Number of protein chains: 2
Amino acid sequence: MTDNATPSAVASQRIATLIRDQILDGSLAPGERIRQEEFAERFGASRIPVKEALRLLESDGLVTLVANTGAWVSRMSEEECAEAYQIRERLEPLLLHESMKNLDDATIDTLDALAFEMESCTDVETFLRLDRQFHLLSYSAARTASLAEIIQRLWNSTQHYRRAYTLLVGIEHNQITHNHHHLIVDALRRRDADDAESALVSHIRRTRSELARHPEVFG
Amino acid sequence: MTDNATPSAVASQRIATLIRDQILDGSLAPGERIRQEEFAERFGASRIPVKEALRLLESDGLVTLVANTGAWVSRMSEEECAEAYQIRERLEPLLLHESMKNLDDATIDTLDALAFEMESCTDVETFLRLDRQFHLLSYSAARTASLAEIIQRLWNSTQHYRRAYTLLVGIEHNQITHNHHHLIVDALRRRDADDAESALVSHIRRTRSELARHPEVFG
DNA sequence: TATCCATTGATTGCATCCAATATCAACACA
DNA sequence: TGTGTTGATATTGGATGCAATCAATGGATA
């Protein structure tokens, strides 16, 4: 499971990737309007591929289209976000399990290094990037493509609130998170799937309850 | 959770629904080619909305697009099908749980009636339709839209093999399936979520192992 | 006879143009 | 003053035409 690697030769897919990246890195905020003509000009294309890209992003849940009216970056409610975390809690352990079957030791070493790097990083954006990288890498050996795709979509659609939460509470008092990561690496190293799954469930469940404790993130 | 209700005024979405229905009812088989111009003419539109519809169906997993070459109805491997059932096994109990919270008694009566109707039906297409109706109705009271959408996609992408399997083994010796349905209705009536979930898990798992026992379905 | 290359035909991708629709402001009227 | 209506403007939806790309066929060569 890799982070949208191939820059497609097809314009509509390339544009979809560019807009998706802007939504994920926060430069396009929820509720912001996306005008076809403006983005077409920005990407040096006509409105047709932009329109197709917007439909793709709509089916990803990142963009909301209203017929004859326009497109906006989707605004996710607190309930929808909780729902995404509930789904992740059931699916990500399965994906981790599938991935563990094929994970090699070198990748586990990299995961270990990432967990420590995260522990000593000092800014929010780096933390978010490393955290995403850690989990996606832990899933990277799974052969279950559609499962990986569902989960990547869930990560994407909740990315905004992960950032908002992290910005709100800071990254100083995150030892529990780091502990979870180390537990996961340890379980993977021992090839103990049940243990890895349960550590991951705890990890995701904790984030869900943390978000529930900080409703101001959704304000 | 209702079966694609609104016939959108937007042509691309209307066309996507029409093509999707043709794939689901079997009149478009896996591997069959979908030519933009041919379908545009058939639906009385130009190629643009057809192309957008195909991209939508691609993100549903029902259609496979190759740049500058064409579109085909997706061909799902045995492994991918098993994967879909694994995901369903983890997610559908959650959706049923969410739905049960809001299910009224009248709907449970309807589910009961559907279970009996299925038991006495004699042709495969009716059986498939009633089965789909039964399960989707049992999920209909859930407020978790994105979960419902994921599951609907999984149903859609495996629909072809449900039909192939049912055609292969017939519907005469399906008592176990009917038993599962009655167990689910009973648990719902008693408002016993855990019991309903475990009956549903058994139900889905059984189908998965049945498919594994009949690999000729995927030939 | 098998393999490689070029040419042709078919099909898709995209840009431009026009039509349809929604939004918003100005205005008439109660 | 508030409300309903109407027109102008901006924006999207879709049709047509052209360019780009791929697949397939035929011929030349080893």
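Protein chains get the first letters and strands the later ones, always in sequence-line order, with residue 1 at the start of each. Bear in mind the structure is a predicted one, so any value in this text is a computation, not a measurement.
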Student: On a heavy-atom basis, which atom in A:Leu62 and which in A:Ser157 lie closest, and how many Å separate them?
Tutor: CD2-CA, 3.9 Å

Student: Of the non-hydrogen atoms in A:Arg208 and A:Ala82, which two are nearest, and what is the gap between them?
Tutor: CD-O, 3.7 Å

Student: By the side-chain hydrogen bond (donor to acceptor under 3.5 Å, both in side chains) test, which pairs, at least two apart or in different chains, include something from residues 26-35 of chain B?
Tutor: B:Asp25-B:Ser27

Student: Show each protein N/O and nucleotides 20-24 of chain C N/O combination with a separation under 3.5 Å, one pair to a line.
Tutor:
none

Student: For the pair A:Trp155 and A:Gln152, evaluate side chain to side chain contact (heavy atoms under 4.5 Å, CB included) and give the outcome as yes or no after the intermediate values.
Tutor: CA-CA 5 Å; A:Trp155 271 76; A:Gln152 181 136 17; 5.5 Å; no

Student: What's A:Leu65 touching, base or sugar-phosphate or nothing? Going by heavy atoms closer than 4.0 Å.
Tutor: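 Nothing, no nucleic acid heavy atom in range.
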
Student: Quick one: salt bridge (charged side-chain N to carboxylate O under 4.0 Å, His left out) partners of B:Glu41, sequence neighbours excluded?
Tutor: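 Partners of B:Glu41 by the salt bridge (charged side-chain N to carboxylate O under 4.0 Å, His left out) criterion come out as none, since no residue qualifies.
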
Student: What are the 5'-most and 3'-most nucleotides of DNA chain D lying under 4.0 Å from any heavy atom of chain B?
Tutor: D:dG14 to D:dA23

Student: Decide side chain to side chain contact (heavy atoms under 4.5 Å, CB included) for A:Glu98 and B:Gln86; before the verdict, give the C-alpha distance in whole Å, the side-chain angles of both, and the deciding distance to 0.1 Å.
Tutor: CA-CA 11 Å; A:Glu98 288 299 315; B:Gln86 269 189 295; 3.9 Å; yes

Student: According to the ring pair (Phe, Tyr, Trp, His ring centres under 6.0 Å) rule, which pairs have a member within residues 53-105 of chain A, sequence neighbours left out?
Tutor: none

Student: Roughly, in whole Å, what's the span from NZ in A:Lys51 to P in C:dT16?
Tutor: 15 Å

Student: With sugar-phosphate meaning primed atoms plus P, OP1 and OP2, does A:Ala71 contact a base, only sugar-phosphate, or nothing at under 4.0 Å between heavy atoms?
Tutor: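 The residue A:Ala71 makes no contact with any strand.
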
Student: Please report, rounded to the nearest Å, how far the C1' atom of C:dT11 is from the CZ atom of B:Arg47.
Tutor: 8 Å

Student: Scan nucleotides 5-10 of chain C against the protein and return all N/O pairs shorter than 3.5 Å with their distances rounded to 0.1 Å.
Tutor:
none

